[in-house]
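Inspection log for the structure reproduced underneath, given as C-alpha cells.
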Amino acid sequence: MLRIGLLGFGKMGRMRFKAARFLRGATVVAVADSSRRALEAARRAGVPASYEDYRELLASPAVDAVIITLPNFMHEEAISEAARAGKHVFVEKPLARSDDECARIAEAVESAGVSAMVGHNYRCFPSVKRLKRSLDSGALGDIVLSTFEIVDGPLAPSLESRPVPDWYMNSQLMGPWLLDLGYHVIDLFRWFFGDARVLHAYLDRRYGFPHEDNAAVLLESSGGAKGTVHAGWFSKLIFPSFDFRVILHGTAGFASTDQYTPANLKLHAAVEAAKNVLRRGTGRRIRPLSYTFYYPSYVEELQQFVDSIREGVPPPVTIGDGWETVRIIEEIYRTATLSPALRELAASAQRELVVPAERM
Amino acid sequence: MSPTTTRRQGPTVALARTHGPLDGDGIKEAVYRALDLLDHSPPARPQTVAIKPNLRFYWDYSTGETTDPRVVAAVIDYVRERWNPQARISVVETDASAMRTRHAFPMLGYDRLAAEKGVELVNLSEDEMLEREVNVGRRSISLPLPRTLHEVDLFISCPKLKVGPYAGGNALHITCTLKNLYGCIGKRRKVVYHPHVNEVIVAVNKQLRPHLHVVDGIVALGSRPARLGLIIAGTDAVDVDSVAARVVGYNPARVKHIRLAEREDVGTRRGLVTLGEDIRALARAFPKRSQLGFKLTWRLQLALLRTYARLTGDAIPPALD
C-alpha cells in the first residue's frame with residue numbers, strides 16, 4: 001500500500017483528499033498545512049498524522065509519496081524538498097510560475113530519481129478523452145482548425161462561503177494569469193497535436209484585476225493544426241455550469257466536447273447515481289463522483305500516478321509536460337499585444353516604479 | 001418628463017427610467033430625474049456623506065448583482081451640485097464571508113470612480129464598531145456597526161434591485177435597501193446571521209437610518225439579469241422596498257423582512273405615493289423567479305445528494321459539501 005502525504009489542505013487539497021479515498025493500492029496517511037483550522041478538518045476527516053510544517057511530513061519514513069496542493073509560489077521549494085527526501089511527487093498544476101523554476105524542479109526530481117507527475121486533470125474529462133480517441137483514430141482526418149475555450153475562475157465560486165485566497169489575487173504569488181485556466185487548454189492543444197508555437201496573442205481585462213483577465217491566443221503545431229485559445233476570468237457561472245469546450249475541424253469531419261458532455265447535468269447526475277446505487281447493492285465498486293461529469297478526473301489521474309509508481313513506469317503527465325506548458329505561456333506573454341486598458345495599467349505601474357527612484 | 005416641484009405630504013417614492021442607451025449620461029439623467037421627482041432636501045447642508053452600494057462577491061453591475069458605479073457617480077454629482085459642492089464624500093462597504101472589500105473596490109470599478117470623482121473609498125470593516133442590543137419581536141440582537149455610519153451627516157443607501165439571495169434556508173424574496181444595510185455589519189462571517197436573517201436585517205435598520213435611498217435597477221436581477229434602466233428613490237426604507245417588491249412581482253405584505261420592518265417602526269407603507277414610472281409595466285418587464293420553487297428544489301437536491309452519498313459511500317465535491 002502506497003502511503004501518501006498531502007501538502008496543503010485548502011480547496012484543492014480537500015478535493016484531492018476526497019478523490020484519494022477511492023484509490024486502489026494507496027491511502028492518505030498524513031496532511032501538512034500551516035492553518036490549524038485546516039489541520040483540525042483533516043483530523044476530523046480521519047487522517048492519522050498532521051503537521052503544521054510540511055518539512056516534518058517529508059521527514060517521516062511513514063510517507064512514500066506526496067500530493068502537493070500548495071499555492072503556486074511554494075511549488076518549486078516543496079517539490080524539490082520532497083524529491084530530495086525521496087518522496088514520489090504528484091503536484092497540482094501549474095508545475096511552477098516560470099521556465100526557470102521548472103528547470104530547477106526538473107533537475108531536483110531527476111537527481112533524486114523519484115517519480116513525478118503534474119495534475120492535468122482536464123486530460124481525464126470523459127468528453128476530452130472521447131474527443132482525443134476520435135482524433136487519434138483518424139476519423140476526423142487532419143485537423144486544420146480548432147478551438148479551445150475556458151471561462152471560469154475566481155468569479156465562479158463554489159458554494160462555500162469563503163473568500164478567494166489572497167495569493168490567488170496576487171500575480172507575484174500566483175505567477176502569470178494564464179497559468180490558471182489558460183494552462184489547461186494550452187496543455188490540451190499540446191496533448192492533441194504534439195507541440196505548439198504562438199502565432200498571435202491578445203490580452204485584455206474586463207474587471208479591475210491588476211492584470212489581464214481574458215486572452216485570445218492563436219497557436220500552431222508543427223503538423224500544421226491551428227487552434228484559437230480563449231480563456232477568461234469574467235463569468236459568474238456557478239457549479240455545475242461550466243464554460244469549457246474543445247472543437248476540432250478536420251479534413252474528414254469535425255467533433256466537439258459538447259457532443260460528449262451531458263446536455264442535462266441533473267438528469268446525468270440522477271442516472272449515474274442510480275447506477276452507483278445498483279453497483280453498491282450488487283457488491284461491485286462504485287464509480288466515484290461519476291454523477292458529476294468532471295470530478296472523476298481527479299480520481300483517475302491520482303490512480304494513474306499510483307499505478308505508475310507501483311509498476312515502475314513513467315507517469316502519463318511528466319514534469320516535462322508541465323514545463324513545456326509553462327514555456328508556451330511565457331512565449332505568449334513575450335509576444336502578446338496588450339489592450340489599451342492593459343497598456344495604461346502597465347504605464348501606471350511603470351510610473352509608480354519611476355517616481356520613488358527619482359526622489360532618491 | 002419635467003420634474004414635479006410641488007412638495008407632497010406623506011411618504012413618496014419616485015421611479016425613473018433611462019431613455020436610450022444605458023451609458024453614463026443616460027444613467028445620470030435617470031438618477032437626477034428620480035431625485036428631482038422626490039424633491040427631497042437634507043435637513044442641513046451636509047459636510048460628510050457616506051454612500052453604501054451593494055457589493056456582493058466580485059460580480060459587476062452587468063450581472064445584476066452589484067451596484068453600478070455609474071449610479072453612485074450620479075448620486076455624488078447630485079449631492080455636490082444640489083446640496084454641498086464641498087461635501088466630503090465616502091463610498092463605504094464592509095467585508096463579507098466570501099468577499100473582501102480591498103479586492104471588490106478595484107475589481108468592480110470603484111477605484112476608478114474614486115479617482116474620477118475625488119471621493120474616498122472606505123472599508124468599514126476597519127472602522128470602530130459600536131454594539132448595542134435591540135429587540136426585534138421577541139429576539140434580542142446585538143450587532144457590531146461602524147461608528148462612521150452613526151455620525152455621518154448624510155447617509156445614502158444605493159442598493160441593487162434583485163431577488164434572492166438564498167440565505168441559510170431563508171428565501172429573502174428581494175434584496176433592496178433594507179437588505180443592503182445588512183452589509184454594514186462589521187463582522188466578516190455574516191453567514192452566522194443567516195438562521196435569523198430577517199430579524200437581523202431589521203435590527204440593523206432600527207439602528208442605521210439612511211437619509212436617502214437610490215436603488216440601482218439599471219440592470220436588475222430576477223431569474224436572469226434584465227436591463228430595466230430603472231432608478232427608484234425614496235427616503236423611507238420600507239416604502240422603497242415595498243415599491244421594489246412590487247416591481248419584482250411580490251406583494252410586499254408577504255415579504256417577511258419588509259413586514260417585520262414595518263411592524264418594528266422602521267417605516268410605514270401607509271399613505272405611500274409613487275411618482276414617475278408605472279409599476280405594473282415595470283413588473284411585466286421583470287424576469288420573475290420562483291423563490292419557493294428554488295428553495296424547495298435546492299433543498300431537495302442537497303438532501304438527495306447526501307442520502308445518495310450515505311447509501312453508496314461516494315464523495316461530495318467540496319463545492320457542494
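Just so it is clear: chains get the letters A, B, ... in the order the sequence lines come, proteins before strands, and each one is counted from 1.
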Let me know if [X] has heavy atoms under 4.5 Å from chain A in its side chain, its backbone, both or neither.
{"X": "B/Arg188", "value": "neither"}
{"X": "B/Tyr58", "value": "both"}
{"X": "B/Leu304", "value": "neither"}

Side chains of [X] and [Y] in contact at under 4.5 Å (non-hydrogen atoms):
{"X": "B/Arg100", "Y": "A/Met169", "result": "no"}
{"X": "B/Leu305", "Y": "A/Tyr291", "result": "yes"}
{"X": "B/Ile316", "Y": "A/Tyr295", "result": "no"}

For [X], I'd like to know if atom [atom1] has over 12 heavy atoms of other residues, nucleotides or ligands within 6.0 Å.
{"X": "A/Arg21", "atom1": "CZ", "answer": "yes"}
{"X": "B/Glu131", "atom1": "CD", "answer": "yes"}
{"X": "A/Glu344", "atom1": "CD", "answer": "no"}
{"X": "A/Arg43", "atom1": "CZ", "answer": "yes"}
{"X": "A/Lys129", "atom1": "NZ", "answer": "yes"}
{"X": "A/Arg37", "atom1": "CZ", "answer": "no"}

(request) Write down the atom of A/Leu289, the atom of B/Ala315, and the distance for their closest heavy-atom approach. (result)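 Where A/Leu289 meets B/Ala315 most closely, the heavy atoms are CD2-O, 3.5 Å.
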(message) Could you report the tightest heavy-atom contact between A/Pro288 and B/Asp314, atom names first, then the distance?
(response)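 Smallest interatomic distance, heavy atoms only, reads CA-OD1, 3.4 Å.
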Using non-hydrogen atoms and a 4.5 Å limit, figure out which bit of [X] sits close to chain B: side chain, backbone, both or neither.
{"X": "A/Tyr298", "result": "neither"}
{"X": "A/Arg279", "result": "neither"}
{"X": "A/Ile286", "result": "side chain"}

(message) Salt bridge or not between B/Arg102 and A/Asp166? Use side-chain N to carboxylate O under 4.0 Å.
(response)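 So B/Arg102 pairs with A/Asp166 through a salt bridge.
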(request) Only counting residues at least two apart or in another chain, list the ones meeting side chain to side chain donor-acceptor pair (under 3.5 Å) with B/Thr18. (result)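 Scan of B/Thr18 (side chain to side chain donor-acceptor pair (under 3.5 Å), adjacent residues dropped) gives none.
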(request) Anything in residues 206-214 of chain A with a heavy-atom distance to chain B below 4.5 Å? Please list those residues in order. (result)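 Checking residues 206-214 of chain A against chain B gives A/Arg206, A/Tyr207, A/Gly208, A/Phe209.
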